[in-house]
Amino acid sequence: MFASKEELFRSAVSRALEHDLAEAAASLRDTDLPLAARLLEAFDHWAERYVGPLVRDIAGVVEDNPDLLGSLATTAVAAAVPQPRTTADQLVQTLISTSIGIKQQVNTREEYLARMTVAIGLSLR
């Protein structure tokens, strides 16, 4: 039983987020794909439900929990790109911040993916 509509809403969003993070983790583990493709797929799973003007409030739940995807993505970056772990952490945190900003500026998932493709490509150079 939920004490309020807000509690019910947060529970539903948390459940959806858990599913999305599991999908993101699966994408990041798929070493048959290049790192850039894995990162884009993971960010897509993490953000796809929350892109566009109609879902701006829901996006707050994702934005309030950036470390959920961060540790998964950092592990994938560190394994694929030889560099010190702090550099992988910094790269992933920058991509998370970029994702949050892009989600606020676009209206469609396609726009989000196109801009994240550029961001990931620049970050991995």
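Here the straight-line distance linking atom CD of Gln93 with atom OG1 of Thr98 works out to 10.5 Å at 0.5 Å rounding. Taken from OG in Ser99 to CG in Leu40, the straight-line distance is 10.0 Å, to the nearest 0.5 Å. Of the inter-residue distances, the one linking Glu41 atom CD with Asp30 atom CG reads 7.0 Å to the nearest 0.5 angstrom.
Applying the side chain to side chain contact (heavy atoms under 4.5 Å, CB included) test to Ala26 and every residue at least two apart in sequence or in another chain returns Arg29. For Glu23, the side-chain hydrogen bond (donor to acceptor under 3.5 Å, both in side chains) criterion is met by no residue, not counting sequence neighbours. Residues passing the side chain to side chain contact (heavy atoms under 4.5 Å, CB included) test with Ala114: none are found, sequence neighbours excluded.
Taking all atoms of both residues into account, the shortest heavy-atom contact from Tyr112 to Ile102 is CD1-CG2, 3.7 Å.
The backbone N or O of Ser27 sits nowhere less than 3.5 Å from a side-chain atom of Arg38 that would complete a donor-acceptor pair. For the pair Glu111 (side chain) and Thr108 (backbone), a donor-acceptor distance under 3.5 Å is present.
Residue Val118 shares its hydrophobic cluster (ILVMFWY side chains chained together at separations under 4.5 Å) with Leu122.
The side chain to side chain donor-acceptor pair (under 3.5 Å) contacts involving residues 114-125 comprise Gln105-Arg115, where partners must be two or more places apart or lie in separate chains.
Counting heavy atoms from C-beta on, the side chains of Leu124 and Leu39 come closer than 4.5 Å.
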Working note: Leu113 + Phe43, criterion side chain to side chain contact (heavy atoms under 4.5 Å, CB included); need CA distance, chi angles, decisive distance, verdict.
CA-CA 9 Å; Leu113 291 174; Phe43 274 98; over 6 Å; no
